[in-house]
Every structure is written in C-alpha cells, then in structure tokens.
Amino acid sequence: MSELRVLWMPLAVAGLAVLVLLVDVLAPPDRTARTGRALGWLVAAGLAGALGASFSVDGSGRAALGTYDGGAWTTFVQRLVVGAALLGALGALDDVAARTPKRQGEYWLLLLASLLGMVIVPGARDLVLLVVAFELMGIPLYVLAAYAKNDRTVDGAQSRAGEAAFKLYVVGAASTAVTLFGLALLTGMAGTSSLDGLAEAPATPLGTLGMLLVLGGIGYKIGMVPFHMWVPDTYEGAATPFVAFLSVAPKVAGLSVLALLFVSGLGVHRGAWLPPLGLAALLSMGVGNLLALPQTDLRRLLGYSGIAQMGYVLLAVAAGDAMGVGMTLFFLAAYVVTNLGAFLVVHAASGGGRGHGLDAMHGLFRRAPFLALALLAFLLSLAGIPFAVGFWAKLYVLLAAWRAGLAGLVVAGIVLAVLGLFYYLRVLQAAYMIDEEGERATPRASPALGLAIALCLAAVVGLGLWPAPLVDAASRASVDLVHPSAPVARR
Amino acid sequence: MTPTTLALTTLVAPASAALVLAVVPGLRSRGWPAAALCILASVVSLGAALGVLSGCLADPTPSVLAVPWLRTSSVTVAEIGVRVDGVVASMLSVVTLVALSVQVFSLGYMHDEPRPAFGRYFAYHALFLLSMDVLVVAPNLLQLFAGWELVGVTSYLLIGFYYRKPSAARAAVKAFWVTKFADMGFLAGLLTLFVASGSFGWDAHLAPGTATVVTLLLFFAVVGKSAQFPLHVWLPDAMEGPTPVSALLHAATMVAAGVFLVVRADPLFAQAEATRTVMLVLGAATALFAALLALVQTDIKKVLAYSTCSQLGYMVAALGAGSMIGGFFHLTTHAFFKALLFLAAGSAIHAVHSNEIGDMGGLARRMPVTGGAFVVGALALAGVPGFSGFFSKDLVLEAVEGKLASLPWAALLATAFLTAFYMGRVVVVAFFGAPTGEKAERAHEPGWSMRGPLVVLGVLAAGGGVFAAPFAHLYGREYHFEMGVGPSLAAALAIGGFGAAYLVFGRAKGAPLPAPLALVDRVAKTSIVNRVYEVGYRRVALALADGLAWIDRYIVDGLINLLGYGTLEAGARARAVQTGLAPDYVLAAMLGVAGLAVWAVLR
Amino acid sequence: MNEHLLSVIVGAPAAAALVVMLLPSSARLGIRLASLLGAAVSLAGSVAALVGYDKARGGLQRAEDYPLVPALGVHLRFALDGWGGPLLLLTGIIIVAGVLASWTLGKRDKEFFVLLLVLVSGVFGVFVSQDLLVFFLFYEIAVLPMYLLIGIWGASHEVRAAGPFAFVWKRFKVGDKQYAAMKLTLMLLVGSAAILVAIFALYLQSGAHSFDLGDLAAARYPRALQIAAFPLLWLGFGTLAGVFPFHTWSPDGHASAPTAVSMLHAGVLMKLGAFGVMRVGMVLLPEGTRFWVPVVGAVAAINVLYGAFCAMSQTDLKYIVAYSSVSHMGVVMLGAATLTAAGWNGAVFQMVAHGIMTGLFFALVGLVYERAHTRAIARMGGFGTVMPGVAAFFTLACLSSLGLPGTAGFVSEFLVFLGAWQGGHLFWAIPGILGAFVTAIYVLKATRAIFWGPGPSEAFHDLADARRTEWGALLILGTGLVVLGFWPRLLLDPIDPGSVHHLARILAEVAR
Amino acid sequence: MSLASCLLLAAALFCVGLYGLLARRQIVAILLSIELMANAANLVFVAFGHYRGGALGQVFAVFSIALTVAEVAVGLALAMLLYRRHGDSRVELASEMKR
C-alpha cells in the first residue's frame, strides 16, 4: 500500500488518462463543439484535483524497487508540471473543441501521456526509469505539435504545424540517440544505473564523455543553445495553446532532470560539466536575447526569449548547490506562470486567425484592457522588473550563481537582460502605444482561457509582491534533493 | 524704538507692500491702490531711516540684530539681519528719500500708463526699495550680496518695463547679463573670504595676498554694478527704462551700490593697496572716458547716463585713493543732483515726448520749475562753488592729488571741465535758445506731483554741501573746508566749462560739432566696446554652445545610438543562422555534441 | 497611523492607483479626485514627517520593518533620516502639482493617473527604504512607468539626420516619442544593471546575510572591491542623475514627455539618481569614494558647464529646460563630490530646489505649449501681454535657476560652491559659477523671446493665462521656491544632521 | 573482439548515422540515419552488458529499442504528413519558417 501512496501522482495522472479514454470512447460520437468542451473541463478538473491533493497527500518514500522517490522535491516539480498542464488545458480547451470537435480525446490523451512522463521524471532515481519517463514525455509532444495540421495561416497558406513538428522531431530524435549513446557509456563505465550508484562511481574518461552527451540530450529538451534551433520554428508553427504548454512544462521536467542527474547524481564531477554548462548558459542568454531583437512574430519572439530565459536558469543549476537548485525551482515556477500566461494572451489577442504578428497587438489596450494589462504583467515579469515574480526569479538565480563564484556569467546575464527589455518593450509599444482607431474587432477570451490568464496574472503579481512562501517551499524541496535526509538513499 | 528696530522697519514696510501687491493681483491691476501702498511704504521707510539717522548722529555706536540663516555641521555659516551704523544711516536716508521723491514724481510721469502697468510699476518699486534696503542694512557681505543681486533683478524688471519694445527688452537682458557676469567676482570673493576668515564679515584680517585676491574679486563686481570701464556698456542702454527709474536706479542708488560695497568693505580694501591702485586708475580713466562720450550724446538721458559713469569713476577713484569719506560723500550729493537732473529731464521729455536735446529748446521759459531744477542740478554736477557737488568733488580731488604722479588727479580735473562743458551744452541747447519744434513750443509745466520732488531734490542738490560736516561726524572724522589752490582750480574749470559751452553752442544752434568733438563722435559711434562683447557673445559663447549642442546630439548621443544600432543590426544579421532547414538545426546540435566530446577528451 | 506614517506615504499613491484602476474610464472627475487625494495624503504625510523629525536626535527615525523574503535577509525597512523629510516633501509637492497640472488631460486619463501614481509610490519608497534591495525595487518601479508615460502621452519632434552616425536613422527615428521612451528606459536600465551587479557584490562580500543599509555600511569591504564597485554605483545611479556622458536620455526624454511626467522626472526622478550615488555609493564605499571622487567632481563640473552651453543653443523650449536639468544636476553631483558638510547640504538642498524649480518650469512649458501649439521659441514672442501670470512665474523659475538670492536655487548653489571652495576644489567651483552665469544667459534669452517683445501674432489666438487648477500647481511650486529661498533652514536644519551623519562614516573611513 | 573494439564499432556506426542525418535530404533516409545512431547506442549497451556482466546492459537495450521504435513510428507519420502537404518528402520543402 505504501508503494501506491508514494506513486500516487503518476497513478492519478494515468488514471485520469484512462478515464478520458473511456469517456471519449463511450460518449456518443456526434458531439458539437459546445458539448465537446466537457472533456476538456474533465481533464482540467482532474488536474486541479491532483494539484489540490498534492497539498494533502504525503507521498514521501521510495517505491518501485527504489527507483522512484516521492519526497518534497518530487512533489514540488510535480505541482509545477501539473499546474502547467492545468493552465495549458484551460487555455487549449476551446481551441481543441473548435478545431477537432470529434477527436478531442486524442489531444487530451496525448497531453496526459506526456504529463505522466513529466510527473515520473522528478521522482526517478534510476536511469532506466528516467529515460523511459523522459521519452514518454517527449514522444507525445511530437504528435501534439502537429496537431494543428489542418489549419490555415492568416495569409491563407497551409498549416505549418507539420513542419513545426518535424523540426521538433528531427532535432529531438537525434538528441535522443545522443542521449542513449551517452547513457550507454555512463552506465556501462559505472556499472550501475541508479543515481546514488553513479555518485559513488569513480570518474573515467568514457564516463565523462557519456555524461556530457547526456547533457546535450537534456539541453535539447530545454532549448539550450546550440540545441535550440527548433524552438522558434516549432513555436511559430504549432497551435498556440499547445505551445504555451510546450514552452514551459518540458522545460520544468528537463531542468529537473538536469538537477537530478548533475547536481544530485554527478555533483562530484562538477569540474567536468560546469564549464560547458556555463558556456551554454552564456550562449543561450546571448543568442536568445540577440535573435529576439528583430522578431516580429510574437511566438518566435517568445521562443527566443524562452531560450534566453533558459540561459538564466542554467546559471542557477551551474551554481550546483542547494541554493542553486532551490532558485532553479523558484525560477521555473515563475517561468511557468509567466511564459504560459504570455502565450495565452498572445493566443487570446490574436483570436480568430488574426495572426500573431506584433501588429496583431495594436490597440490592445482599447480593445481588451484586461488582456493588455495581463500582457504588461507577463512581459515585465519576463524582463525581470520588480513586483512581478520574474524579478525575484532572475534575482535569485543570479544571486545563487554569484554566490557560487560565477560572477562573470552573472554580469553578462545582467547586461544581456537589458537587451531583453528592448523587445519586451516593443511588444508593449504595439499593445499600448500604436492604435489604428476602431479597426480591429474586440478579442474575447473564453471563460476557460480567461480563467487561465487570470490565474497566471494572479500568480505573477501575487508572488511578485509576496515571494517568501514560494522561496521557502523551493528551498525545502531543494534540500530534499541535494542533501537527502532519508538514509534509504544509500543503498 | 531702538535703531535696529527702526532699520528693520525700513525692510518690513516695503516688504509688506511688495508681498501684498504680489499676492493680491486685484490691487495691482487697479493701479492707484498699488501706488498708494508703495508710497505709504516708502514714507514709513523714510521716516524710519531718518529716525535711524538722528539716532546715529546722537550715538554712532554700531548695533546689530541678526539671526542664523545658513547652518552646516551645526555651525552658523551666515546670518541675516540688520546693522545700524553711520554708513547705514546716511545711505538709508539717501535711498529712501530719493526713492520716495521718484515714486511721487512717477505718479505724474506714469499717469498715462494703463492701470495694470501702472500698478506693476509701483509693485516693482516696492520690491526695489526692499532690495536696496536689504543691501544697505546688511550685517555681512552675504546679505549685502543678496540685496545686490535683488536690486539687479528689479533693475532688470524696470529697464524692461516697456517689455513690448524690443530695444527695452534687449537692454534689460543686457544689463542683467553684464552685471551678473561681474557678480561672479562677488561670489568668488565671498567664498575666498569665507574660506580664509570663516565668516562673511568685512572686518577680517587677511594675509596680504588673500586680501588682494578678495578685494580684486569684489571690485570686479563693483566694476559691473557701478558701470566702470569696460563693463559700463549696459548703463547707457538701461535708459530704455522709464525716466524716473533711470533717476532712482541708474543714477542715484543702485549703481552706487558698488561704491557702497567698497565703503562697507573698507577694512578689507585697506589691507590691499594693489587693489586700491587698480581702483584709482580705473576710476579716473572711466571718469575721463565717460565724460568724453557724454560730450557727443544728443539724447538727454544718454548724456546723463555717461555722466553717471563718469561720476561713479570719481567715487571709485576716491576710494582707490583711500578716501572713504570722499567717495561716499560724493555718492550722497550725486544721488541728489543726479536724481534731480534725471527727474527734470524726465519732466522735459514728458513735455516734448522726445529724448533728443535737438527737439527741445527754450524749455526754461515755458517750464520754469523744471528748467530751474535742471540748471541747479547741472551746476551741482559741474561742481560750481557753493553747490553740493563742489564740496564732494573737492574731497575727491584732494584725496587723489599726488597719487601716481598726479595723473589721476589731472584726469579728474579734466573731467571736471568736460562735465561742465557737456552739462552746459544740454542746458544751453535744451533749456535756452529758441524752441526747435512744435512740441517744444507747446511744452508746459507738469502737475504738482512732478514739481514737488524737483523742488525738494533741487534744494538738497544746491545745499547738500552743508551735510559734509555731520556726514564726517558719522564716521568720527572732522571736516574742514578751505578754498585753497585745488578747489579754486576746480571751480575755475567748472565755470570755464560752462562758459565754453555757451560760446560753442549758445549762438550757432544746429551748427556742426567742432572738429575735436566730431572726432570723439566718430569714435563713439563705432561703439567699439560693445562690438567686442557682441563678438564675444556671438562668435565665442554662442558658437561654443552651438558646437557643444551639435556634439551632444550627433556625437555623444550618436555613440549611444550607434550602440543601439549595432545591437539591432547584429540581431538582424544573426538571424540568417536560422536557415529553416532541419539538417542545419541538427548540425548545430551535433556541433554542440562534438564540442562536448572534445571537451571531455581534452580536459 | 503615526507609527506607520512612512508606509502611508509610500502606500497612499499606490492605493489611489488601485482605486483609479477600478473606476470606470468615464468617471473623469472621480479619477482626478482620487489621484489628487492620494497625492495629497502623501504630501500631508511628508509634511508631518518633516515636522516630526527630531533634528536634535538626528539619525534614523520612524523605523518600520516588515519581512519580505526573510530567507535572504530582504526586509521592507522604512525609516527617515535627515535627508528623507525634505525629499519626501519635494516629491509630495511635485506630485500634487503634477496632478493639478494634468487636470485637463484629454487622452486615456485613467491609465495616465494610474501610472503616475505608481511611479510616485516608487519614488517615495526609495527615499525611505533602508534595505538596499527594497531601495532598488522601488527605484525600478519609479523608472519604468516612464516608458509608457512618454510613449503614449508624449510628443514627437523632428531631428535632422546628420553627423558621423547619420545612418542610425535607418533603424530608428531619433526624436520620435517612442524612440525617446525606449532610449530613456534602456539607458536607465543599463544603469540599474550596473547597480544590481554592485549590490550583489556588496551583499555577498559583507557576509551579513542582510540587505540592511546599516549592516552593509558596517561591513568592511576590500579596497579593490570598493574601487571596482563605486563606479558601477556612480554611473548606474548617475545615469538617472544625468551624469555626463550618460545624460542623453534626458533631453529627448524630457522634451517628449507630457507635462506632469517631465515635472516628475526632472523634478524628482533625477534626484533618485543623485540620492543613490550619495546614500548608497558614497556611504557604503568610503575608500572607493575617496579614490574616485576627483573624477566624480570633474565630471560634475563638466556637467554644469556643458549642460548650460547645450541649453543655450536650443531652440525648443523643452530642450532648454531639459538641458538646464542636466546642468543643475551637475551642481548636485558637484556638491556630493566635495565630501564636505556644506557641499552635501547644498547637494541635498539643490535636489529639492531644482526639483521645485524644474517642476515649475515644466508646468509652465506645458501651459505655453498647450496654448501656443508650438515649442519653437523663434515663433513665439510677446506672450507676456496675454499670459502675465505665466510670464511672472516663468521669470521666477528663471531667477531660481540662475541662483538668485531669495530663491531656493541660491542657497543650494552657494552651499555647493562653498563646499567646493572649502575643499580646495577651485577647478570644480569655477566652472560651477560660470555655469550659473551661462544659465543666466539662456534663461533670460528665452524669457525675452517668449514673453517680451511685440506680439503675440494672430497665429496664437488660443493663448490664455493659467486656469483654476493650473494656478494651484504654479502657486504651490512658486511659493516653495520663494519660501525656501528666504528661510532655507526649514529644510537645512533636518538635512544637516543627515549629511553630518552620513559624512562622518566616510571621513572616518578615509582618515583611517 | 574486445570491449574497446565494440565501442569503436559503435562509435563508427554512430558517425555513419550522423553523416546520413546531416547529408541526406529525403526524410525517410533521415529517419533511417537516426535509427542507425540509436542502434549504435544499443550496441554499446549490449557490449557493456556482455563484457562487464550483469543484466543492466541488456535491460537498457530492450527499453532503448522500444523507445526508438515508438519514436520512428511518429517520425514516419510526420513524414507522411509532410509528403501529403508538399507532394514530396524532401527536407528542404519543410523550411517555410526561418530566421
């Protein structure tokens, strides 16, 4: 029974997936878009339930032959991905119902399958489980990226979702191969696949090579330079509500693996992985911010901005201590609500196939004041401006990195952040300053989408004003990982 | 009432008037209430000032009432308040008396102005009186500086009173610029003084070098304020203001503030012989130079303006020669007769609506009071024996005699002759002879408000010499007058000057200027000093400003723009990396992998 | 209420902003009254704080402490030092006057007042924060709304493409309001970035695990760190204070900004920069200060003269006032660089004096612009006939600007020059004095060109003197200038213990 | 054959796959190349399992094969999608989004 208690979250997500499958199969097939939203709401309710339950269920302990740990760290990451999935589901609900009224089950099943992978990842303490969960997370995303394959773009051209998915796929598949190759070397040289075992295994050149190849594989998932090139294209081509989810949840999972594998498992070999990781962080911040400057499509812009954001969080990972991990978690929490919110606003503001260019935002302040306000908050948060949660996120990440002796990278990050401000402000300029009178229709966010945006906004502002609880929670979760209190850890 | 309370009253009265007029626009725009209030304040001030004077005559011990005004590090840096002593008492009386006369005169003179302008005029006057009193009663040089600057502002406002007239507007600004330029010396002098002595008092004992620096800096300000060469250029232009203003500010009181400063700071100047020498030379030179220029002016106010420069030169020379009493007494008598001259000139101008002496003529017959006043003033100015100017000038000449090989003395004597000559010219051309135009023929005497002050000032200008003894007493000195060689010579020159003027101008009306004068005229018309400033302003200051502004816009800001441009350009160029081809994306990732592998191997 | 006075001062505008946000856009009067109320509460609070400050005791008073992120030692710590009261008062005066001056705004007024109030909350916050991170937080809050305020309500103007970098016009329209807003924001945030770097360095080096300014000041920093960190703080904060050559956001920004925003920005925000340099840079880093102060002073002297000459050449009224701010902020930095009590008192007093003066200037410029529809001085003339009140107040502002005794400007300039002279820095003081003279040249030239002379011509038929609320704004500011000029001890008495207290640390450290 | 030579073989296989991935322009060929790379990894798993003993290598290889299969299945579907969209499956055609 205790095994089930520890594994409750993956089980709950799997159960929800089964429930969705059953409802989808058993419900009458002639559903309209209106009634069809029920399935989406079911998913959302289920996820909300799981999220709520995570605050009362104590899942700590080991399960599945010690390959899964359900402590504070796991719970925290799970809350983040489930929360992201919930917000993503709310945001996508109408889109899915409108796009494929009769085949909605596919979308939700794939989403939940991917989520299942994500909730296992942070708990995995064995590389086999880790890699399976990681792929379980990744493969459905390829399919989901192609989900809008029948859409037409604003200029009448055919959908680019296929291309989006393909680019995601090719880079992803190649990275998976690299990861597997690396894992083979790593586990082979260490003779074990458990993380605790890896930590104790002596360093070998081949093992180090394997470790670094794995880093490359994870780098792909989080869009770290130079594994980032799919990001803008996929964000531009795939359905926006899905991109909202794609832009946050896999990154949370990917970074949790990074923390799990490198900080916790291979922390002893920090000397080997820190320099490349630091370089990648620097490149991510630089390339992301620089290439975002000339973008005019908001999804591409947010894509590049996301690359830059990953650069910042990598600094905290590179710090390699409990504080760094804690601040990574804090950053991710802030990033989830902020970036997801930003994409949802872009989605809502461009509703009705108006396109996602900067000009789609013109006069937003007049047409949809709430969306404009939300956009303001999200962009300022992304830019790291005080009293939005993104400020604290960036601050902590940089502080953690400086404390760990990465002052040079921190300075570069701070300088590059100003560059970032330029393009965020340009979006605000489009939304607040440029206005062609009365030309554009008023975008209306549906209740679900509006709810999702409002939740994100509340989180961004609320945590911006009062970040202490989240900081404490993140710190506790990180301590759980980096200094395991349970003696079970050493098998 | 104690002397300090009385002195305070001279501040409070005009301050109240100015404040009320500032905050109650209704009073100002109606005109007459403003005038009434202002004159009331002046009457009170005059009464208080005379009270101070009589108190001082009885007991010349200085008394001070002051409160801390600036404090740093909990130490008082400067105080404000009032000080009463002989210098203050006499200056205060002169200032308030002349101010009241001028204000009363203005009632008639400015009568035709629109009501709001009339009110504004008197509001400025109240402000001026306040500023001047602040200056006079100052217990230290900082407050004196404050008053000094404030009178500068009121001068600016009053010169620009006819602000719609471009020439008046220019003149006002010019006056302010020139005096402000000189005031930098005052400020620097104050700072040097404070750092050297720890206070802004004028009784500090300084090292000889410091004393010279401080006094030279202060004297620089005097050159500006008292219109000494080469900063005299603003004074003739300042005649754009209403004539009573010229009488009060630009003849009797404000321009004399420079002289007052030197008198006040006499203990400092006494420590700096070098400065005094400079003053002596510059004063004498200005006296002569300005008198020459006065010779060729045809505008009656310009004549008087240059004459003011010249007489201020006298005072400065006296102070340079170390005769505080000579300079200061000449200041006093000058205040009376120059105010008188200006007011009389104003009366004439009011009658003929022209400043040109050529447009006047024979005014003495139609306007006997005005004519008489002007003649009295001219005689006093020229230093004809018996009139006030004779006695004060005598003190000056006596002080200067023998200094620097008597060259300044000679210059001042020459000036005395020239003074008599140009005043004689104005008297002859404007007030005697035949009227030259219709207006001059129809000129008539103004009302009582204008005649009254003429009479009062006329009496003072004529008989002011009697004040010499009590004046000296205020400073604890003795005064004797002896008709020796010097005074006789000066008297002869003065009378000779008038005679010469009559000979030249009395008969041949409208005749061309005699040859030497024509030469002076030609030189004067080039206005070489003004040109220099003009070039300095346009070619140096404005050009520098334009150049810096260009650099700021296109180089300094340009570099910052360039940074932004470069970044944007870099972003735009770097986009090309994102080719859209999936294999390229894989290639990038694999290069990353290769990099990692290389690192793993080489590490 | 009394023990939370500082929170009330900081919070009142923010609360008012919230109220305004909830009002419908159509409630024009309600929006204005709510804004005015918020501003007035802060002003009243500031007066109470100033009056209630115990000058004899000095030091920090009215301390409040709320934990914000205790894990990192971040506390919302408010307290008032000697400088706080006068600067709060300045901010209160300017925001009340600014709200009054914006009364007739006709475009998106709800958002305008919200942003204005948020901004001013930030300003109040900076002046009372005793926690470096919170200080920085409020600083950013004060800087950022400016972007929207200028970008939305600002005015654009043409700048000819010329000079060696004329090609940059290809990418952005120099002089455009959005250009101005972007340049301002980016330059100021580059400054913030530098500040943040320094904050990190100090926080981690101090080992106090606290951002409290007192704790940070008590720590000993190695000389090398001080020398490295001081320029970051000086230029970081200094960018906002208009330190040459990082001042170029200021002319374009101020010229583009709407009236109340220029008032607040030049009147209060630039002071945040100077305040930051002194309160954070100099107080925390005595050795760094000693090392760099010759440069700081020299650059400040350049600022004074350079700004004044640039102003002299301008033909656009707002640019004149904007460059004059650059020049006058140089006086503040000059005073700071003297490291004497007189200089520091002068610097802080100049912050207030210049704040009020420039607030008045921008209010007047706004009035003139609104009625004349042009800012080109060459086209104006004779406005004094139609708008005598405006002319009078403009003259007053000019006189304070050139440091006329009897106005607040004199006191501060005099103290600063005195400090420089006492410190033996003649080469700073002389350009300073010359700068005051050049100021006299350009302000009087402008006054003459606008208000004097014949005219106004037929083209200016809209001209009229100030109206009801506008009189309010002008009177508040004008009275402030004169009262402070005649009786500077109102503010100097509290400022002095503050300066002495902060300076003691530096001098002791330098002497060590 | 030693472990080292097995690893070298695997590395060579990996490189061949990589070359194909980068050089080939037909999507199906790209998928094949990816498969080659994955199999190189499997070879390493199995080789370690064989030379070092223990079940780990074999277990990992089995999971790895399963994952690769799932991945390639999705890849093929995507290839079909692109083929239907463009009428060809050359990779250049799927490059509408760039910069």
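Computed over heavy atoms, backbone and side chain alike; hydrogens, waters and symmetry mates excluded. Every chain is numbered from 1 and lettered A, B, ... according to where its sequence line falls, protein lines coming before strand lines.
Within the 4.5 angstrom heavy-atom criterion, no atom of C:Val482 approaches chain B. Contacts of B:Ile555 with chain C are made by both backbone and side-chain atoms, with heavy-atom separations under 4.5 Å. Using a 4.5 Å cut-off between heavy atoms, C:Leu399 contacts chain B through its side chain alone, with no backbone atom that close. For B:Val556, the parts lying under 4.5 angstrom from a heavy atom of chain C are both the backbone and the side chain. With a 4.5 Å cut-off on non-hydrogen atoms, C:Val174 touches chain B through its side chain but not through its backbone. Of the two parts of C:Leu434, the backbone and the side chain both hold a non-hydrogen atom closer than 4.5 Å to a non-hydrogen atom of chain B. Contact annotation for C:Val168: both backbone and side-chain heavy atoms come within less than 4.5 Å of a heavy atom of chain B. Interface remark: B:Phe181 contributes backbone and side-chain atoms alike to the contact with chain C (heavy atom separation under 4.5 Å). In this structure, chain C has a heavy atom under 4.5 Å from the side chain of B:Val77, while its backbone stays farther away. For C:Met187, the part sitting under 4.5 Å from any heavy atom of chain B is the side chain, from C-beta outward, and nothing else. Heavy atoms of B:Ile560 lying under 4.5 Å from chain C belong exclusively to its side chain. The parts of B:Pro68 that come within reach of chain C are both its backbone and its side chain, each placing non-hydrogen atoms under 4.5 angstrom from that chain. Heavy atoms of B:Val67 lying under 4.5 Å from chain C belong exclusively to its side chain. Only the side chain of B:Ile80 comes within contact range of chain C, with at least one heavy atom under 4.5 Å from a heavy atom of that chain. Proximity to chain B is limited to the side chain of C:Leu415, based on heavy atoms less than 4.5 angstrom apart. When heavy atoms are compared at a cutoff of 4.5 Å, B:Ala541 approaches chain C by way of both its backbone and its side chain.
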Can you pull out all donor-acceptor pairs below 3.5 Å that join chain B and chain C?
{"unit_1": "B:Pro68", "atom_1": "O", "unit_2": "C:Arg489", "atom_2": "NH1", "d": "3.0"}
{"unit_1": "B:Trp69", "atom_1": "NE1", "unit_2": "C:Phe486", "atom_2": "O", "d": "2.7"}
{"unit_1": "B:Ser73", "atom_1": "N", "unit_2": "C:Asp496", "atom_2": "OD1", "d": "2.7"}
{"unit_1": "B:Ser73", "atom_1": "N", "unit_2": "C:Asp496", "atom_2": "OD2", "d": "3.1"}
{"unit_1": "B:Ser74", "atom_1": "N", "unit_2": "C:Asp496", "atom_2": "OD2", "d": "2.7"}
{"unit_1": "B:Tyr163", "atom_1": "O", "unit_2": "C:Gly453", "atom_2": "N", "d": "2.7"}
{"unit_1": "B:Tyr163", "atom_1": "OH", "unit_2": "C:Thr385", "atom_2": "N", "d": "3.3"}
{"unit_1": "B:Tyr163", "atom_1": "OH", "unit_2": "C:Thr385", "atom_2": "OG1", "d": "3.3"}
{"unit_1": "B:Arg164", "atom_1": "NH1", "unit_2": "C:Thr385", "atom_2": "OG1", "d": "2.4"}
{"unit_1": "B:Arg164", "atom_1": "NH1", "unit_2": "C:Gly455", "atom_2": "O", "d": "3.3"}
{"unit_1": "B:Arg164", "atom_1": "NH2", "unit_2": "C:Gly455", "atom_2": "O", "d": "3.2"}
{"unit_1": "B:Trp177", "atom_1": "NE1", "unit_2": "C:Ala440", "atom_2": "O", "d": "3.3"}
{"unit_1": "B:Asp546", "atom_1": "OD1", "unit_2": "C:Ser313", "atom_2": "OG", "d": "2.8"}
{"unit_1": "B:Asp552", "atom_1": "OD1", "unit_2": "C:His247", "atom_2": "NE2", "d": "2.6"}
{"unit_1": "B:Asp552", "atom_1": "OD1", "unit_2": "C:Tyr306", "atom_2": "OH", "d": "2.6"}
{"unit_1": "B:Asp552", "atom_1": "OD2", "unit_2": "C:Tyr323", "atom_2": "OH", "d": "2.2"}
{"unit_1": "B:Arg553", "atom_1": "NH1", "unit_2": "C:Asp252", "atom_2": "OD1", "d": "3.3"}
{"unit_1": "B:Arg553", "atom_1": "NH1", "unit_2": "C:Asp252", "atom_2": "OD2", "d": "3.0"}
{"unit_1": "B:Arg553", "atom_1": "NH2", "unit_2": "C:Asp252", "atom_2": "OD1", "d": "2.7"}
{"unit_1": "B:Arg553", "atom_1": "NH2", "unit_2": "C:Tyr319", "atom_2": "OH", "d": "3.1"}
{"unit_1": "B:Tyr554", "atom_1": "OH", "unit_2": "C:Arg160", "atom_2": "O", "d": "2.6"}
{"unit_1": "B:Asp557", "atom_1": "OD1", "unit_2": "C:Lys183", "atom_2": "NZ", "d": "2.7"}
{"unit_1": "B:Asp557", "atom_1": "OD1", "unit_2": "C:Thr248", "atom_2": "OG1", "d": "3.1"}
{"unit_1": "B:Asp557", "atom_1": "OD2", "unit_2": "C:Tyr179", "atom_2": "OH", "d": "3.4"}
{"unit_1": "B:Asp557", "atom_1": "OD2", "unit_2": "C:Lys183", "atom_2": "NZ", "d": "2.8"}
{"unit_1": "B:Asn561", "atom_1": "OD1", "unit_2": "C:Tyr179", "atom_2": "OH", "d": "2.7"}
{"unit_1": "B:Asn561", "atom_1": "ND2", "unit_2": "C:Tyr179", "atom_2": "OH", "d": "3.2"}
{"unit_1": "B:Glu569", "atom_1": "OE1", "unit_2": "C:Arg171", "atom_2": "NE", "d": "2.8"}
{"unit_1": "B:Glu569", "atom_1": "OE1", "unit_2": "C:Arg171", "atom_2": "NH2", "d": "3.2"}

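A distance of 9.5 Å separates CZ of C:Phe309 from CG of B:Leu542, quoted to the nearest 0.5 Å. C:Ile433 CD1 to B:Leu187 CG: the interatomic distance, rounded to the nearest 0.5 Å, is 4.5 Å.
Of the listed residues (C:Gly406, C:Gly382, C:Gly384), the one with the most heavy-atom contacts under 4.5 Å to chain B is C:Gly384. Comparing B:Ala188, B:Gly152, B:Pro166 by how many heavy-atom pairs each has under 4.5 Å with chain C, the most go to B:Ala188. Considering only heavy-atom pairs separated by less than 4.5 Å from chain B, the leading option among C:Val500, C:Ile495, C:Leu444, C:Leu426 is C:Leu444. When the candidates C:Ala311, C:Pro405, C:Gly389, C:Ala161 are compared by the number of heavy-atom contacts under 4.5 Å with chain B, C:Pro405 comes out ahead. Most heavy-atom pairs under 4.5 Å with chain B, from the set C:Ala436, C:Ala420, C:Pro488: that is C:Pro488. Contacts with chain B were tallied for C:Gly453, C:Cys310, C:Ala341; C:Gly453 has the most, counting heavy-atom pairs under 4.5 Å. Heavy-atom pairs under 4.5 Å with chain C were tallied for B:Val23, B:Leu563, B:Leu142; the largest tally goes to B:Leu142.
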Could you walk me through whether B:Phe145 and C:Phe414 satisfy the side chain to side chain contact (heavy atoms under 4.5 Å, CB included) test, starting with their C-alpha distance in whole Å, then the side-chain angles of each, then the deciding distance to 0.1 Å, before giving a yes or no? CA-CA 11 Å; B:Phe145 178 66; C:Phe414 186 78; 5.5 Å; no
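Contact check for B:Val173 versus C:Ile441: no side-chain heavy atoms found under the 4.5 Å cut-off.
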